Amino acid sequence: MAEHFQEDSVSSVAVRIDAEHPQGVLFDPHQPQLRVTDLGVVRGDGVFETMLVIDGAVRKLTPHLNRLRRSADITEIGIPPEESWRAAIQLGLEEFRTRGGLPEQLSIRLTATRGVDGEPASEDPQFAGTYWALLAPVPATMLASRGKPIAVTLLDRGYSSDAAERSPWLMLSAKTLSYAVNMAAGRWARQHGFDDVIFLSSDGQVLEAPTSTVLMYSEDAEGTPVLTTPTLSTGILPGTSQGAIFAAAERAGWKLAYGPVTPEDLKAAQHVWLLSSVRLASPVNRIDDHQLEVSTELTATLMDFLAQDLAETYPTES
């Protein structure tokens, strides 16, 4: 159990899942936990999900757990059943209540690694790896940044738009721990005067941002709003925030579209956002040297769509 609980940087709660504790057990996240031979550390061989909690309610929990399972299947990592993850999350939330109350907003990061090479933690493949949930208050800086316009640069991701089909061993659509390239792209962007990155395939299709999904807005000839996101066939990660917005937009009578998207399409859009579970919807006001209009009204509408969170399953590409 954590010894410090005052500052945001150390006021986290952690829950481990293993064969002896399938419903989770609390541990101190500020003390050493992982073996240095864990493949999640030495190989980045693991998967994860990050989600938002508002007033004790976990947002988009089922879609996040579904995506965690999908990533685990792609990477062939055994993970605990859904009920274990749900129980671990509730144990973490209850620990916050016991310590004096839940913060208004929390982030939850679920992590699963393949475990120690050659030494499975259990004979049960569902518990053979290393698994934990980390709950932490959303930093004030993150809260303040929500909805604020950002400038992005387009960077080549280094593979073609058909790489996922041609080279399935790249596991392009899995949310893995191998984020070194994503982090490097973010550093490069900040060093060159940008807030974030949108990746392009080597043959010129818009993919995704390092930690978020791309969303475009336009209107058809009748003035009906149209939301467009890049096609998943390029190997990008299915966005849970994009899915939630699409579900709400469909109920509102908006039209939905799924790429392919080119840089020219992106720059011709009336509005563009980057979407993520904790940062929510960030309007883009500049792509390289191209200026874009920002609509505070539409950004608020997207935030409202996210707040509805009514669907357990989302619209998908046909």
Side-chain angles (χ1 to χ4, degrees), residues 7-10 40-50 52 107 109 111 134 136-161 163 170-216 229-230 234-237 239 241-242 259 261-269 271-294 296 299 302:
E7 300 177 8
D8 283 353
S9 61
V10 293
V41 176
V42 298
R43 299 290 188 188
D45 196 3
V47 296
F48 75 100
E49 279 292 321
T50 303
L52 180 65
S107 68
R109 181 182 171 106
T111 304
L134 181 66
V138 176
T141 52
M142 174 66 75
L143 295 174
S145 71
R146 285 183 181 158
K148 298 293 180 63
I150 59 173
V152 303
T153 184
L154 303 180
L155 296 182
D156 188 343
R157 187 65 176 85
Y159 55 76
S160 63
S161 60
L170 294 177
M171 304 182 299
L172 295 178
S173 62
K175 194 174 179 69
T176 73
L177 297 177
S178 301
Y179 257 50
V181 170
N182 293 27
M183 299 300 98
R187 291 193 300 272
W188 193 97
R190 289 186 291 274
Q191 291 164 4
H192 291 80
F194 298 95
D195 302 298
D196 212 328
V197 169
I198 293 177
F199 284 127
L200 303 178
S201 66
S202 58
D203 54 345
Q205 284 198 37
V206 173
L207 301 174
E208 59 193 342
T211 60
S212 50
T213 306
V214 177
L215 182 69
M216 301 160 49
T229 195
T234 57
I236 63 175
L237 189 71
S241 296
Q242 169 264 313
V261 176
T262 67
E264 291 73 25
D265 296 329
L266 197 64
K267 294 176 182 178
H271 307 286
V272 175
W273 295 266
L274 296 186
L275 309 174
S276 61
S277 291
V278 178
R279 192 169 59 174
L280 304 180
S282 297
V284 176
N285 64 0
R286 181 164 60 94
I287 301 174
D288 291 325
D289 59 356
H290 177 81
Q291 299 293 325
L292 282 173
E293 181 183 349
V294 168
T296 55
T299 298
L302 296 187

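These numbers come from a predicted model, not from an experiment. Only this structure's heavy atoms are used, side chains among them; waters, hydrogens and symmetry mates stay out.
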Practice problem: Determine yes or no for a side-chain-to-main-chain donor-acceptor pair under 3.5 angstrom, with T229 supplying the side chain and V214 the backbone. | Solution: yes
Self-check item: N182 (side chain) donor-acceptor with P210 (main chain) under 3.5 angstrom
Solution: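 Flag set: sc N182 to bb P210 pair under 3.5 Å.
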Quiz item: Which heavy-atom pair separates S160 from S201 by the least distance, and what is that distance?
Solution: C-CB, 3.9 Å
Exercise. Identify the two heavy atoms, one from S212 and one from L275, that lie closest to each other, and give their separation to 0.1 Å.
Key: CB-O, 2.9 Å
Exercise. Would you please test L274 and R279 for side chain to side chain contact (heavy atoms under 4.5 Å, CB included) and show each step?
Key: CA-CA 9 Å; L274 296 186; R279 192 169 59 174; 4.0 Å; yes
Exercise. Applying side chain to side chain contact (heavy atoms under 4.5 Å, CB included), run through L237 and T213 and close with a yes or a no.
Key: CA-CA 8 Å; L237 189 71; T213 306; over 6 Å; no
Self-check item: Test log, rule side chain to side chain contact (heavy atoms under 4.5 Å, CB included), inputs M183 and T211
Solution: CA-CA 9 Å; M183 299 300 98; T211 60; 4.0 Å; yes
Going by atom types alone, do [X] and [Y] pair a side-chain donor with an acceptor below 3.5 Å?
X    : Y    : result
S202 : D156 : no
W273 : T299 : yes
S161 : D203 : yes

Check: [Y] and [X] side chains under 4.5 Å, non-hydrogen atoms:
X    : Y    : value
R190 : D196 : no
P283 : V294 : yes
P263 : L200 : yes

Practice problem: Salt-bridge test for D289 and K267: reply yes if a basic N is under 4.0 Å from a carboxylate O, no otherwise. | Solution: no
Quiz item: When you look at CZ of R146, are more than 12 heavy atoms from neighbouring residues, nucleotides or ligands closer to it than 6.0 Å?
Solution: yes
Quiz prompt | Ring centres under 6.0 angstrom apart (Y159, F199) | solution = no
